[in-house]
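Since the structure comes first, as structure tokens, the remarks are kept for the end.
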Amino acid sequence: MDQIEAMRQRIAKLKAETASLKELWLTMLPAEWLPTDRQFMVWLNIYDFHTTAYGIETASQRLNKKECDAEEGNDEIQWDKNECVRFASGVMKQQQFRDNPGKDKMQDKLYAAMEGAPRAKGFEVEEGI
């Protein structure tokens, strides 16, 4: 029963953090670019809340700069939702490495899932690599 309750608490926390991050997005970026709840949960499974918020805030700053440059006639490239989400994701990834050098949660999860899995012939890992 403890595992079930822990999972419920984790889901409740993810929902609360997602709601907060959506509010931040709607405050700083175009509403029509709002990612799905699933995207926010993906971010929160990879990065912590503060890193995710930082990525959104930095994307807002980038959009503001692009808009100012476009008004001055210095930038013809228009940003869209996909570019904004990708930019925010990249910022989050860079920030995670700054905060935790050498730490990559996704890579750790992948290696943990692969541990003990049978290896295909010809793909043995050499010692010392």
Side-chain angles (χ1 to χ4, degrees):
M1 192 67 154
D2 291 320
Q3 290 178 342
I4 293 170
E5 187 57 35
M7 179 60 73
R8 286 185 178 144
Q9 289 175 358
R10 183 170 176 258
I11 291 169
K13 181 182 177 198
L14 279 172
K15 285 181 178 180
E17 289 177 341
T18 295
S20 180
L21 290 169
K22 285 172 72 173
E23 187 176 340
L24 176 65
W25 184 286
L26 291 170
T27 301
M28 303 188 89
L29 291 161
E32 60 270 13
W33 291 1
L34 182 69
T36 63
D37 285 0
R38 181 180 302 143
Q39 178 62 59
F40 285 102
M41 293 205 183
V42 166
W43 281 334
L44 289 168
N45 276 315
I46 299 170
Y47 313 109
D48 64 27
F49 177 82
H50 298 289
T51 300
T52 306
Y54 178 76
I56 294 168
E57 292 165 351
T58 305
S60 173
Q61 293 169 0
R62 175 70 172 210
L63 177 61
N64 187 54
K65 182 176 182 341
K66 286 190 157 290
E67 288 174 344
C68 289
D69 288 348
E71 287 174 7
E72 295 172 3
N74 298 334
D75 188 10
E76 295 180 19
I77 299 172
Q78 295 297 316
W79 235 23
D80 65 13
K81 175 182 178 177
N82 289 333
E83 290 168 337
C84 185
V85 169
R86 287 180 184 165
F87 180 83
S89 294
V91 169
M92 293 171 204
K93 186 170 185 131
Q94 288 177 350
Q95 187 63 31
Q96 177 180 333
F97 285 123
R98 281 188 198 119
D99 292 344
N100 303 303
K103 180 75 174 144
D104 185 344
K105 287 172 78 173
M106 288 300 285
Q107 187 176 33
D108 291 348
K109 288 179 183 179
L110 176 63
Y111 289 147
M114 291 173 43
E115 193 171 309
R119 295 181 184 220
K121 264 189 165 176
F123 291 95
E124 287 77 21
V125 177
E126 293 181 29
E127 292 296 321
I129 293 181

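Around the NZ atom of Lys15, the shell of radius 6.0 Å holds no more than 12 heavy atoms that belong to other residues, nucleotides or ligands.
Remark: Asp80 pairs with Asn82, Glu83 by the side-chain contact (heavy atoms from CB on, under 4.5 Å) rule, at least two apart or across chains. Not counting sequence neighbours, the partners of Thr51 by the side chain to side chain donor-acceptor pair (under 3.5 Å) test are Asp48. Contacts of Lys13 classified as salt bridge (Lys or Arg N to Asp or Glu O under 4.0 Å), with partners at least two apart in sequence or in another chain: Glu17. For Phe49, the ring pair (Phe, Tyr, Trp, His ring centres under 6.0 Å) test picks out no residue, with sequence neighbours left out. In this structure Glu57 satisfies the salt bridge (Lys or Arg N to Asp or Glu O under 4.0 Å) test with no other residue, sequence neighbours excluded.
Cluster annotation: Val42 and Ile56 are assigned to the same hydrophobic cluster (Ile/Leu/Val/Met/Phe/Trp/Tyr, side-chain heavy-atom contacts under 4.5 Å, transitive).
Heavy atoms only, all atoms of each residue included: Pro30 and Leu63 are closest at CD-CD2, 3.6 Å. Heavy atoms only, all atoms of each residue included: Thr52 and Tyr47 are closest at OG1-CB, 3.8 Å. Taking every heavy atom of both residues into account, Met28 and Ser60 meet most closely at O-OG, 3.1 Å.
For the atom pair CZ of Phe87 and CE of Met92, the computed distance is 10.5 Å after rounding to the nearest 0.5 Å. Note that CG of Leu34 and CG of Leu26 are 5.0 Å apart. Values are rounded to the nearest 0.5 Å. Considering CG of Leu21 and CE of Met41, their distance stands at 10.5 Å, rounded to 0.5 Å. Once rounded to the nearest 0.5 Å, the distance linking OG1 of Thr18 with CG of Leu44 reads 5.0 Å.
The salt bridge (charged side-chain N to carboxylate O under 4.0 Å, His left out) pairs that include a residue from residues 32-41 are Lys22-Asp37, where partners are two or more places apart or lie in different chains. Under the ring-ring contact (aromatic ring centres under 6.0 Å, His included) criterion, the residue pairs touching residues 2-40 are Phe40-Trp43, with sequence neighbours excluded.
Here the side chain of Ser89 pairs a donor or acceptor atom with the backbone of Val85 at under 3.5 angstrom.
Contact check for Arg10 versus Met7: side-chain heavy atoms found under the 4.5 Å cut-off.
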